[in-house]
J.: 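Below you'll find the structure I mean.
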Amino acid sequence: MTAARTTAAAPRRIRALHIVVLAIALPAAVAGLFIPVDVPGGGDLSPLAQAAIATGVMALGQLARLRFRVGAGAVSVTWGEAAFIVGLYLAPSAWLPAATFVGAVLAWVLLTYFSDRRSPLEILHVAGSLTVAVAVGALATRAVGDPFDARLTPTLAGALALGSLAYLLVTGWLAALTLSVRQARPAGGLFLRALRAKLLMFVGNVLVGFVVISMIERDLRWLLLLPPALWLLQQTYGHRLRADEERRLWSAFAAATRELSRLDERAVATAGVSGALSIFGAEAVEVDVIRADGSRRRYSGDASGTLAEADVREPLPESLPEEAAGLVRLTVAGATVGELRVRFPRALEPAQREQMALAAYADALATALHDAATHQALKALTERSAFEAVHDPLTKLVNRAAFLIKGDAAMRQVVREVPVALLLLDLDRFKDVNDTLGHAAGDELLQSIAVRLGELVEPGELLARFDGDEFALLVTDLEAPDGDRSSPMPQALRRARALVEHLAAPIEVAGVVMSVEASVGVVVAPAGSADVAELVRRAENAMYQAKEAGDSVAWYDSAKDEASTDRLALLAELRDALTVEDQLVLALQPAVDLDTGAPTGVEALIRWRHPRRGSLSPVDFVRAVEGSDLLAPFTRYVVDKALTVAAEWAGEGLEVPISVNLSARSLLDPHLPSDIAELLRRHRVPARRLVLEITETVVLSELEVIDEVLGALRDLGVQLSVDDFGTGYSSFTFLTRIPVNEVKIDRSFVRSMADAPTSAAIVNATVDLGHRLGLRVVAEGVETADQRAALAALGCGAAQGYHFFKPMPADKIVAVLRSLLDSAQAQVFPLRADGAS
Ligand code: C2E
Ligand code: CA
Ligand code: CA
C-alpha cells in the first residue's frame with residue numbers, strides 16, 4: 001500500500017536500488033504467467049477478462065491515494081492491501097504479479113500526466129516494488145490456501161491477512177530502504193516509523209478487501225456502497241497522518257529553533273539551514289546573511305546532508321517574486337538581515353500550515369542572526385578594550401599594570417630559586433626632546449625606541465613601557481651564550497649593556513638625528529623570592545644609582561636600598577593616620593591566671609587599617625616608625641588609646657591593667673615619662689593600671705638615659721614588663737638590675753617546651769626566679785591545651801595566646817573580661833573562654 005517517491009536527484013545508489021528491484025520484479029511477474037493455472041468454472045468471465053480486471057483493480061489501488069511527507073521524502077498511502085486481496089480473489093494468484101506491474105505502470109503514467117511528474121525509471125521502480133511485494137504476499141497466502149474464486153472462510157481470511165502482512169512488510173521495507181539511501185539515515189528506524197504510522201490503514205485496508213469480496217460473492221450491487229465507505233476511511237487515514245505530520249513538524253520546529261541560539265553567524269546560519277531541512281523535509285535550503293558592511297554570505301544545504309558556504313556578489317532583489325512560496329526575507333525591526341530560501345519537495349506545494357511555520361522559523365532565524373551579529377560586535381569591542389587595558393597605546397607594548405601581572409605569571413612558570421632578572425631602562429634627557437622638538441617628536445622617539453628594544457627581546461621575555469620614558473624587561477632565562485647559568489648577574493648586565501648600545505645608534509626623529517642615552521637598573525633575584533612589583537622597585541632603585549653615578553648600567557645593591565621610596569610614602573601616610581581616629585586601632589588580647597582563670601591583664605596590639613594597603617600588622621610598619629621622628633607621636637597615640645580603654649573599664653568597674661608595647665628607641669626619649677604622666681592624668685587612670693612592655697634586648701644596652709627613663713617611669717608608678725623574655729643575652733642579670741613587675745616568657749620557648757629540654761629548663765628557671773623576686777610570670781603564645789597544662793604544672797602563673805583568646809577588637813573585650821571574672825569568682829575555670837574545650 002505504500003510506494004517510495006523518488007526525487008530527480010537520484011544518486012547512483014538509488015539507481016542501483018531501482019535495478020535490483022526490477023531485476024526481482026520482472027522475472028517474478030513473467031514466471032507467474034507461465035505457471036499453469038487451473039481456472040475453475042470461474043463463471044462467465046474469460047481468462048483475459050479476469051486478468052484485465054485484476055490489472056484494473058491493482059491500478060485503482062494506486063490511483064486512489066493520499067500523499068504525505070515524511071522527512072525529506074513523501075509517502076503515498078494507497079489501497080494496496082485491499083487491491084491485493086480483491087485481486088487474489090478475482091484472478092489466479094500466479095498472474096497477480098504481472099497484473100500488478102502492468103496496473104501500477106498504467107496508474108503512475110496517469111498520475112505523472114495529471115499531477116505528479118515522475119521519470120520512467122521512477123515509475124518502473126514503484127511498479128517493481130509493488131510487484132515484488134505482491135509476489136511475496138501471494139506466496140504467503142498460497143502457503144495456506146487459494147482464495148481464487150473461493151468462498152471466504154475463516155481459514156481463507158487468515159491466509160489473505162497473512163499475505164497482506166507480507167505485502168505490507170515488503171513495501172514498507174523497500175520504501176524505508178529508498179528513503180534511507182536518499183537521506184543517508186538508517187533504514188531500520190524509518191521502517192519502524194512507517195509501520196507504526198500505517199498500522200491503522202493496514203487493518204482498514206484488509207477489512208475493505210474482505211468486505212469487497214463478500215459483496216462480489218453476494219450481489220455486485222452492494223459495491224455501490226463502497227465509494228462512500230472508502231471516502232470515510234480515506235478521511236480517517238488523512239486525519240491520522242496529518243496529526244502525525246503536525247506533531248513531527250512542530251517538534252522539529254522546536255528542536256530547530258533551539259539550535260539557533262548560537263553566538264556566531266556561521267553557527268546560527270548552519271543551524272538555520274539544517275533546521276529548515278528537517279522541519280520542512282526540504283530538498284534544498286539557502287540562508288543568505290547580510291553583514292554590517294553590506295557583504296553577503298550564503299549558507300546552503302540539501303537533503304543529502306551536504307552543507308556549503310560562499311560569498312555572494314549580486315545584491316538582493318528589491319522585492320520578492322510573487323510565486324516564491326519558499327522564499328522569506330529575514331528582518332529584525334524593519335532591517336533586512338538576510339534571506340531564507342526553502343525548496344519544498346517537488347510537487348508538494350507547502351500547505352498554509354507550512355507557510356506559517358516557515359514565517360515563524362524565519363523570524364526566529366532573523367533574530368538569532370541579529371543576536372549573533374550583535375554578540376560578535378560586542379566581543380570585538382571588548383577584545384579591543386581589553387587590549388587597550390593592558391597595552392600602552394603609543395608603543396603597543398604592555399603597560400605597567402599588565403607587566404606586573406604577566407610578569408608574576410611568567411615567574412611562576414620558572415622553577416623556584418632559579419635566578420630571573422628585571423631590567424628597568426630610563427631615557428636620559430628625554431624631557432629635552434619633548435621641550436625642544438615637541439611632544440609629537442617625543443612620541444615618535446618613544447615608538448622608535450620600542451621597536452629597537454623589541455629587536456633585542458628573546459622569546460619568552462616580557463617588554464613593557466611604563467609611564468613616560470621608562471621601559472622594563474623581564475628575563476626569566478639567564479643562560480649565557482655558552483649555556484652557563486652559574487653567573488646570572490654578569491649575564492643580566494651584558495643584556496643591559498646591549499640594550500644601551502643598541503639605543504645609542506643614531507635615530508632620526510622629526511628630521512633630527514640623535515643618539516639616545518639611557519640608564520638601566522638591573523636586579524637579579526631567585527624566582528619566588530619577590531614579586532615583580534618588588535623587583536621593579538629594586539630595579540628603580542638601581543636605575544637611580546646609575547643616574548646618580550652617571551653610569552649607563554647599575555645593579556641593585558640591597559645595602560643602598562632602604563626601601564626608601566616606599567618607606568617615605570608609608571611614613572607620610574602614618575603622619576596622616578595619626579591625625580584621625582579610625583586608622584590606627586588597638587587589638588586587645590587578655591592574659592589569664594592559670595589557677596583561677598581570672599584576667600591578669602590585657603595587651604594592646606596596634607593595627608593599621610590602611611585605606612589603600614589594607615590591614616597592616618605592626619611588623620609592617622613599626623620598624624619604619626622607629627627610625628623616624630614619628631616615634632614619639634606614635635607612642636603617645638598608642639598610650640592615649642590604651643588609656644582611653646582603661647578609663648572606660650574603670651567606668652565599668654573593671655580593674656584590669658592594660659599593657660602597651662614600647663619600642664626600644666622610646667626609652668631613649670627623655671620626655672617619655674612626663675608624656676605618659678600627662679596622659680595618665682588626663683584619663684584619670686591610676687598609674688598601676690598601665691603596664692609598659694619592654695623587650696629585654698634593648699634594656700641591656702647600658703645607656704645612662706635608659707636607666708633614667710626607666711627609673712622615672714617606675715617612679716610614676718606604672719608597671720614594667722620584660723617582653724620576649726629569654727631571647728636576650730643576659731636575661732637573668734637584667735632582672736636583678738632593673739626592678740620590673742612582670743616577665744613574659746617568649747613564645748618560642750612555649751612552643752618548643754615539649755620537645756627541647758633546654759626550653760623547658762628556661763621556662764622552669766624563669767618561673768622559679770619570678771617566684772623568688774615576686775614577679776608575675778606570663779607565658780606568651782600558648783596555643784594548645786597541652787601547653788597550658790604543662791605551664792600550669794611548672795607553676796607558671798599566667799598565660800596568653802590563641803588557646804585562650806586571639807587579639808580582639810575593643811568592643812568585644814568588656815564582655816569577655818566580665819565573663820572571665822564571673823567564672824573565676826564561681827571557681828569554674830573554662831578551658832576556653834568561648835566554652836568549647
Ligand atoms: P609581642 O609583644 O610579642 O606581641 C605578641 C604577638 O604575638 C602579637 O602579634 C600577637 O598577635 C601574637 N600572638 C598572640 N598570641 C599568640 C599565639 O598564641 N600564637 C602566636 N603565634 N602568636 C600570638 P602582633 O600583634 O602582630 O604584634 C607583633 C609585635 O609588634 C609585638 O610582639 C610587639 O613587639 C609589636 N607591637 C605591637 N603593638 C605595638 C605597639 O603599639 N607599639 C610598638 N612599638 N610595638 C608594638
Ligand atoms: Ca608584647
Ligand atoms: Ca612578646
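What you see is a predicted model, and the numbers here were worked out from it, not measured in a lab. Ligands are counted one by one from 1 in listed order, and the atoms in each one are counted from 1 as well. Just so it is clear, the values below take in all heavy atoms, side chains as well, and ignore hydrogens, waters and symmetry mates. Along the sequence shown, residues carry numbers from 1.
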J.: Applying a strict 4.0 Å limit to heavy atoms, is Glu780 in contact with ligand 1?
T.: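 Contact check Glu780 vs ligand 1: positive.
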
J.: Which ligand 1 atoms, with their elements, are less than 4.0 angstrom from a heavy-atom of Pro807?
T.: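 Counting atoms of ligand 1 from 1, those under 4.0 Å from Pro807 are 11 (O).
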
J.: What I want to check is whether the side chains of Thr784 and Asp786 have a donor and an acceptor closer together than 3.5 Å.
T.: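 Asp786 and Thr784 do not have a side-chain donor-acceptor pair below 3.5 Å.
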
J.: Could you tell me whether Gln800 and ligand 1 have an N or O pair separated by under 3.5 Å?
T.: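 N/O-N/O distance below 3.5 Å does not exist for this pair.
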
J.: Thinking salt bridges, do Glu693 and Lys744 make one under a 4.0 Å N-O criterion?
T.: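 Judged by the 4.0 Å cut-off on N to carboxylate O distance, Glu693 and Lys744 do form a salt bridge.
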
J.: Closer than 4.0 Å to some heavy atom of Asp724 - which atoms of ligand 1 meet that?
T.: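 Close to Asp724: 3 (O).
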
J.: Return yes when at least one N/O/S atom of Asn661 is nearer than 3.0 Å to the Ca ion (ligand 2), and no when none is.
T.: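 Of the N, O and S atoms in Asn661, at least one lies under 3.0 Å from the Ca ion (ligand 2), which means yes.
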
J.: Within the distance-only criterion (no hydrogens, no angle test), does the side chain of Lys806 pair as donor or acceptor with the backbone N or O of Gln589 below 3.5 angstrom?
T.: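 Not a single qualifying donor-acceptor pair exists.
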
J.: Find all atoms of ligand 1 within a distance of less than 4.0 Å from any non-hydrogen atom belonging to Ser663, and give their numbers and elements.
T.: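 By the 4.0 Å cutoff, the relevant atoms are 44 (N).
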
J.: Inspect the contact between Asp426 and Lys547 and indicate whether a charged nitrogen and a carboxylate oxygen are less than 4.0 angstrom apart.
T.: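 Yes, this pair counts.
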
J.: Does Lys806 approach ligand 1 within less than 4.0 angstrom via side chain, backbone, both or neither, non-hydrogen atoms only?
T.: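 It is neither part, as no heavy atom is under 4.0 Å.
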
J.: Does Arg636 pair with Asp675 as a salt bridge, N-O distance under 4.0 Å?
T.: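 Salt bridge: yes.
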
J.: Nearest N/O/S atom of Glu603 with respect to the Ca ion (ligand 2), by atom name, please.
T.: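 The nearest such atom is OE2.
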
J.: Restricting to non-hydrogen atoms, name the atom on Glu652 and the atom on Arg818 that form the minimum distance, rounded to 0.1 Å.
T.: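 Taking Glu652 first and Arg818 second, the nearest heavy atoms are O-NH2, 2.9 Å.
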
J.: Can you check whether a protein heavy atom sits less than 4.0 angstrom from atom 9 (O) of ligand 1?
T.: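 It does not: no protein heavy atom is found less than 4.0 Å away from atom 9 (O) of ligand 1.
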
J.: Before accepting this row, confirm whether a basic side-chain N of the pair Glu461/Arg495 lies closer than 4.0 Å to the acidic partner's carboxylate O.
T.: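 Answer for the salt bridge query: yes.
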
J.: With heavy atoms of Asp723 as the reference, note each atom of ligand 1 found under 4.0 Å away.
T.: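 So the answer, numbered in order with elements, is 1 (P), 2 (O).
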
J.: Could a heavy atom of Glu626 be found less than 4.0 Å from some atom of ligand 1?
T.: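 The answer is no: ligand 1 sits nowhere under 4.0 Å from a heavy atom of Glu626.
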
J.: Could any protein non-hydrogen atom be found less than 4.0 Å from atom 30 (O) of ligand 1?
T.: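 Yes, at least one protein heavy atom sits under 4.0 Å from atom 30 (O) of ligand 1.
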
J.: Given OD1 of Asp724 on one side and OD1 of Asp723 on the other, what angle do they make at the Ca ion (ligand 3), to 10°?
T.: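 That angle works out to 90° after rounding to 10°.
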
J.: Out of curiosity, is Val638 lining ligand 1, as in a heavy atom under 4.0 Å away?
T.: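 A heavy atom of Val638 does come that close to ligand 1.
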
J.: Taking both backbone and side-chain atoms into account, decide whether Glu780 has an N/O/S atom under 3.0 Å from the Ca ion (ligand 2).
T.: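 It does not; every qualifying atom lies at 3.0 Å or beyond.
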
J.: Out of curiosity, is Glu603 lining ligand 1, as in a heavy atom under 4.0 Å away?
T.: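 Yes.
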
J.: Has Glu693 got an N/O/S atom less than 3.0 Å from the Ca ion (ligand 3)?
T.: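 For Glu693, the answer is no, given that no N, O or S atom comes within less than 3.0 Å of the Ca ion (ligand 3).
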
J.: Under 4.0 Å from a heavy atom of Gln589: which atoms of ligand 1 are those, numbered in the order shown and with their elements?
T.: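 Near Gln589, the atoms of ligand 1 are 14 (C), 15 (N).
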
J.: Are any of the side-chain nitrogens in Arg537 or Glu540 under 4.0 Å away from the carboxylate oxygens of its partner?
T.: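 No.
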
J.: Should the pair Glu742-Arg776 be classified as a salt bridge under the 4.0 Å nitrogen-to-oxygen rule?
T.: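 Between Arg776 and Glu742 there is a salt bridge, with a charged N closer than 4.0 Å to a carboxylate O.
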
J.: Which bit of Ile606 gets closer than 4.0 Å to ligand 1, counting heavy atoms only: side chain, backbone, both or neither?
T.: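 Both parts.
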
